[in-house]
Amino acid sequence: MGETSGTLKVRGAMNRPNVLVVEDDGPIADAVVYALKKDGMDAEPAPTLAHARARLAARDLVVLDLGLPDGSGFSLLGELRLRTDAPRVIVLTSRDEDIDCVAALEAGADDFVTKPFSPRALVARARAVLRRAAPREASASSFRGAPDGGAATTSSGLVVDGERRRVTYAGREAPLTKLEFDLLATLAEAPGRVRTRAQLVARVWGDAYALTERTVDSHVKGLRRKLEEAGAPPTVIETVRGVGFRLVEGA
Ligand code: CA
């Protein structure tokens with residue numbers, strides 16, 4: 001979407017994404033910056049929160065470590081959430097810190113990568129997050145039954161038609177319940193993006209509902225079964241262990 005803040009920022013227009021790598025571990029930061037640059041992006045390291053805050057202007061993406069010398073990456077995540085021109089965020093978490101992943105996604109992060117990771121894997125995630133930047137903005141406020149008022153092909157063969165509330169795979173319709181459709185439509189807003197169970201509950205059932213994780217899981221299970229019956233591969237909705245679900249990109 002157009003950036004019209006009156007600054008000279010031309011985000012994305014030069015198709016050379018600008019990434020800030022907020023990470024105090026020097027070798028990791030260097031490897032990530034190197035890999036991003038090698039992939040054609042502009043990238044710069046920031047070893048502290050203070051450094052990051054001073055260097056945020058005109059970034060498309062922030063790679064954010066959560067444990068920094070002058071505080072938690074969560075505080076920066078919270079600040080970014082309040083900005084209308086906030087960059088995308090990929091959070092770096094330590095191995096098996098599922099709670100951090102969940103909390104980061106719910107605090108507005110677009111994705112997470114678990115340490116240890118390969119710089120190339122991070123570059124791939126960065127590309128995916130930047131690629132789907134526009135669709136999320138377009139549909140952020142309009143979802144309630146009709147993600148963006150029209151049909152959306154989410155991966156090869158799978159079509160989520162928000163207007164008619166129909167889902168087809170290679171032309172075969174999957175007879176979904178209202179809840180199943182809303183679940184799929186939420187995931188289809190951003191294929192590849194992980195949604196936590198709490199995010200799905202908030203979007204599909206509403207904030208007032210306190211559902212158990214098992215309830216969410218059983219609805220996802222039903223959704224998966226019906227998509228499979230329509231011919232979709234079982235992997236089309238991926239379970240991200242301990243975190244949530246995502247619609248596989250280009251499945
Ligand atoms: Ca750290």
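Scope of the values below: all heavy atoms of this structure, side chains included, with no hydrogens, waters or symmetry mates. Treat the numbers as computed from the prediction; the structure is a model and nothing was measured. First listed ligand is number 1; within each ligand, the first listed atom is number 1.
- The distance from the Ca ion (ligand 1) to the nearest N/O/S atom of Asp24 is under 3.0 Å.
- Under 3.5 Å, the side chains of Thr168 and Glu173 contain no donor-acceptor pair of N or O atoms.
- Remark: side-chain polar atoms of Arg88 are not paired, donor with acceptor, to backbone N or O of Ala109 under 3.5 angstrom.
- For the residue pair Thr239 and Arg224, a side-chain donor N or O sits within less than 3.5 Å of a side-chain acceptor on the partner.
- Panel note: side chain Arg59, backbone Arg55; a donor-acceptor pair is recorded below 3.5 Å.
- At a cut-off of 3.0 Å, Leu92 is not counted among the residues with an N, O or S atom near the Ca ion (ligand 1).
- Checking Asp65 against the Ca ion (ligand 1), an N/O/S atom falls under the 3.0 Å cut-off.
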